[in-house]
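In what follows, a structure is listed as structure tokens, so that the remarks can point back to it.
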Amino acid sequence: MNSPTPHVRVIASPQSWVEGEAIRQLEAASRLPGMRSAVGLPDLHPGKGAPVGAAFASEGIFYPFLVGNDIGCGMGLWELDLPARKAKPERWATKLDLDGPWEGNTDAVLADMGVKPCGFEAALGTVGGGNHFAEVQRVDAVHDAQTFTALGLETDRLLLLVHSGSRGLGEAILRAHVDRHGTGGLAEDSDEARRYLERHDHAVAWARANRATIAGRMMQGIAAGGRRVLDVCHNSVTPKEYEGHTCWLHRKGAAPSDQGPVVIPGSRGALSYLVLPVGDGTGHAHSLAHGAGRKWTRSSARERMRERFTPDALTRTSFKSHVICEDRDLLFEEAPPAYKAIDRVVGDLVEAGLVRVVATLAPVLTYKTRSRRE
DNA sequence: ATGTCC
């Protein structure tokens, strides 16, 4: 297959510092056979082999390792039927526990969402590790009242943002692929490509059902009802017309700009941004930043934060919100200074003409994990 | 990121 000269672009202002290793990973991926375009978004940072905060468009072949293990990972936003003044973060924090297997009817939830059971039911409704979370939020400020209202949102209502993925399911799918092909791609007209895509699409649907189940558990825990406002996936590979070519659009920590409004969260202890994509997707592979982006490696964050903060200090944020994270290492790894500033990342997207800010959302209570590791 | 290491 002919490989046209690949196009590499990084959408980041000089103030959004990007690690050299991330650029090297982006360029390496851009040289893969069939690759047309590699785009780094302002939250670009090094990943395991492939960079995170990036989108890739290829022709005739696609690369499962670029999507990574957490196939279907994404963000779901719910509007709760509780007014902000009814928030009881301290009380909620003492009793919320979403770590164990969900005790509800997993088969019914999956059937309801058209997802076939596959042996990973015990993980359905669990947040997982790393940067995953479920967070109750309040509206901080509305910048685009028309879009905000069109989404049915109200300023005094609490919101729930869920960031999670396909847990062990996506991991198993990637591992099966890598065992045979390593970082090699799959020709689009092959049986193996069809088989991978079928599993991939299933994991994407499963991850969405997982976020819905997590939201349900959280709402039950705080005695609230809610309505899903949006749910978007930022780890996937999908067919897409791009700049006049039929492409495979890989997103690795990249939110879609072709599926309506998205939430771009900051670190746990920062604002999240509800944004409306603008423009036609050209030049940025129909993709946006998916978060603040890691600034320090996990091990470096553990070292630096251990010297500066006690775990107790990190469970309270500058927004006076509370973080439930009883895994001390994870608390350090996920501390706000370990991430880039979200206002700069979103500012870069605004200046590049990719989004309009609809509203900023402030944390009230963040759930990470109740499993104790000290 | 990961039923995360037997």
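Convention: sequence-line order gives letters A, B, ...; per-chain numbering from 1.
Rounded to a whole Å, the CG atom of A/Asp327 is 15 Å from the P atom of B/dT4. Regarding A/Asp329, its CG atom lies at a distance of 15 Å from the P atom of B/dC5, rounded to whole Å. In this structure, CG of A/Leu98 is placed 16 Å from P of B/dG3, rounded to the nearest angstrom. Spacing between atom CZ of A/Arg167 and atom P of B/dG3 amounts to 5 Å, rounded to whole angstrom units. When the P atom of B/dG3 is taken as reference, atom CG of A/Asn210 falls 10 Å away, rounded to whole Å. To the nearest angstrom, P of B/dG3 lies 11 Å from NE2 of A/His132. Here B/dT2 presents its C1' atom at 12 Å from CZ of A/Arg298, a figure rounded to the nearest Å. Spacing between atom CG of A/Leu124 and atom P of B/dT2 amounts to 14 Å, rounded to whole angstrom units.
Between A/Arg175 and the phosphate of B/dT2, there is no side-chain N or O to OP1/OP2 separation shorter than 4.0 Å.
A salt bridge links A/Glu374 to A/Arg372: at least one charged side-chain nitrogen sits closer than 4.0 Å to a carboxylate oxygen.
At the heavy-atom level, A/Gly68 lies nowhere under 4.0 Å from the strands shown. In this structure, A/Gly128 reaches the sugar-phosphate backbone alone: every heavy-atom distance under 4.0 Å involves primed, P, OP1 or OP2 atoms, never a base. Residue-level contact check: A/Arg373 touches neither bases nor backbone, having no heavy atom under 4.0 Å from any strand.
Residue pairs meeting the salt bridge (Lys or Arg N to Asp or Glu O under 4.0 Å) criterion with at least one member in residues 70-79 of chain A, sequence neighbours excluded, are A/Glu79-A/Arg157, A/Glu79-A/Arg227. Residue pairs that meet the salt bridge (Lys or Arg N to Asp or Glu O under 4.0 Å) test with at least one member in residues 129-151 of chain A, sequence neighbours left out, are A/Glu135-A/Arg268, A/Asp144-A/Arg356.
Checking each of A/Arg298, A/Arg306, A/Arg304 against A/Glu333 for a salt bridge (Lys or Arg N to Asp or Glu O under 4.0 Å) leaves exactly one that passes, namely A/Arg298.
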